[in-house]
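What follows is a single structure, written as C-alpha cells, with notes after it.
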Amino acid sequence: MDSSLASGATTNKEPNDPEVKISNFTFDPASLEIPPGAKVTWTNHDDQPHTVTSTQKAFDSPALDTDDHFSFTFAKPGEYPYYCKIHPRMTGKVVVK
Amino acid sequence: MAKRIIRNLGDDGIDRRGFLECMAWAGSGLLWTISGGIAYSQMAHRATGVAQGSLSFVQISDSHMGFNKEANKDVAATLQEAVAKINALPDPPLFVIHTGDISHLSKPSEFDTVDQILKSAKISQIFYVPGEHDGLGDNGKLYLERYGKGTNGLGWYSFDQKGVHFVGLVNVFDLKPGGLGLLGDEQLRWLEKDLAPYSNSTPIVLFAHIPLWSVYPQWGWGTDDSAQALSYVKRFGSVTVLNGHIHQILQKVEGSVYFHTAASTAFPQPAPGTAPNPGPMTVPPDRLKESAGNNKSELRPGKTSIGRRGLIACIWGHNQ
C-alpha cells in the first residue's frame with residue numbers, strides 16, 4: 001500500500017531494511033533498535049487491518065490490510081513509541097541510536 | 001463488578017463462565033422487545049409475535065462490509081440473510097439498531113453496499129453507532145457525514161420511543177496507546193446531562209460498539225471509562241446495554257443493568273482467551289449460516305431461556 005502521509009514514509013523496501021512483522025495482533029519485534037537513517041518496514045500478516053501510528057505524531061500509516069506494508073525512515077536518534085489505532089493495546093517502539 | 005453467573009441453575013445451558021452459547025455464528029439480528037419496562041430479546045428468525053403496545057426493535061452488528069477473507073468471503077450475503085430474517089418477522093420491528101463496524105475499512109463503497117442492502121429491510125428507521133472500522137484514516141469524518149446528522153460530538157445521541165430512552169454512545173475514536181475503548185470526558189458530561197430529566201422508572205437502553213463492560217481487556221474488549229457512564233444509570237430500575245465488537249453473544253447481569261453483546265452478521269470471533277488472538281474465526285460454511293436447532297424454549301420474563309444446543313432466546317427483565 002502506498003503511503004505518503006508522513007514525511008519519510010516510502011514503499012520501496014530494500015532486502016536488508018529492518019522489518020517488523022504484524023501478526024497475531026502483536027508487533028514483532030515489539031522493540032527494534034536501528035541506526036539513524038535506517039528505514040523500517042512493517043508488514044501486516046493478520047486478516048484484520050492494523051495501523052502503525054506514532055504516539056508522538058512522527059508517523060501514521062493508513063489502515064494496513066492483509067499483506068500491506070508501511071515504511072518509515074528514521075533520520076534522528078531517539079525513542080519512537082507507536083501503536084495500532086484500531087487495536088490500541090498493540091504497542092511497539094523503534095529505538096534509533 | 002458483580003459476579004458472573006457461575007452455575008447452570010435451571011438447566012438453562014449457561015456455561016460455568018456465565019456466557020451463553022451462540023446459536024448462529026453469523027447472519028442474525030436480535031429482536032428486542034420492551035414491554036412494561038422489561039426488555040427481552042429473541043433471535044430474529046425464531047421470534048414468535050410481540051405483545052400489543054410493546055416496543056420491538058432489532059439489533060444487528062458488525063457487518064464488516066469489504067471483509068473477504070476465509071472466515072466469510074461473502075459478507076454481503078450474510079447481511080442480506082439478516083435482513084431477510086427481519087423481514088420475515090411476524091410483527092415488524094419499529095426500528096433497527098446497528099452497533100457498528102458497518103464497514104471493514106471505512107471505504108465509501110463499503111458503506112454504499114450496506115446502505116443498499118439495508119434499504120430492503122422493511123423498517124422505518126436505522127440507528128447507528130460507529131465501530132473502530134468505520135473511522136479508519138479520518139477519525140470518523142466520513143461516518144459522521146453519512147450517519148451522524150443531528151448527533152453530538154463524534155456521533156453520540158439519544159431518542160425516546162414509547163417511553164423508553166435510548167442512548168447511542170461512541171467509544172471507538174481517539175483511542176489511547178495501550179488502552180481500550182474510550183467514551184471521553186465530553187461525551188460523559190453530555191450523557192450525565194442527557195439522563196438527568198428522566199425518572200428512575202424510565203427504561204434506559206445504552207448502545208455502543210465496544211462493550212461497556214470488561215469482557216476481556218487482554219483483547220481490548222472493554223471500555224476504559226465505562227464505569228463513569230454506568231454510574232449515571234445506577235438509579236434507573238431497568239437498564240439494558242447493547243454492544244457489538246466481539247462477534248459473539250454474551251451477557252451479564254449486574255444489579256438492574258443487563259449487558260448484552262450481539263453476534264456479527266459477517267464472521268464469528270473466538271470466545272475470550274480461547275485463541276491466540278481475537279481475529280476472525282473460520283468455521284465450516286454450514287455452521288456459519290447455521291440457524292437454531294429444533295429446541296423450543298419458553299419465554300419468561302426475568303429468565304434467560306436457552307436450548308441445550310445453543311441460544312434460542314434471551315429475555316431480560318429485572319426481578320421485582
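In what follows, chains carry the letters A, B, and so on, assigned in the order in which the sequence lines appear, proteins first and then strands, with residues in each chain numbered from 1.
Both the backbone and the side chain of His104(B) come within contact range of chain A, judged by heavy atoms closer than 4.5 Å. Both the backbone and the side chain of Leu175(B) come within contact range of chain A, with heavy atoms under 4.5 Å apart. Contacts between Phe173(B) and chain A at a heavy-atom distance below 4.5 Å are absent for every atom of the residue. With a 4.5 Å cut-off on non-hydrogen atoms, Glu70(B) does not touch chain A at all.
Put simply, of Ala275(B), Gly279(B), Pro217(B), the one with the most heavy-atom pairs under 4.5 Å next to chain A is Pro217(B). Most heavy-atom pairs under 4.5 Å with chain A, from the set Gly220(B), Pro278(B), Gly135(B), Gly137(B): that is Pro278(B). Top candidate by heavy-atom pairs under 4.5 Å with chain B, chosen from Asp47(A), Thr66(A), Asn24(A), is Asn24(A).
Annotation: residues 88-96 of chain A contacts chain B through Pro88(A), Arg89(A), Thr91(A) [non-hydrogen atoms, separation under 4.5 Å].
Between Asp65(A) and Lys69(B) there is a side-chain heavy-atom pair separated by less than 4.5 Å. With a 4.5 Å cut-off on side-chain heavy atoms, Lys176(B) and Tyr83(A) do not count as touching.
The distance from the NE2 atom of His87(A) to the CG atom of Leu180(B) is 12.5 Å, given to the nearest 0.5 Å.
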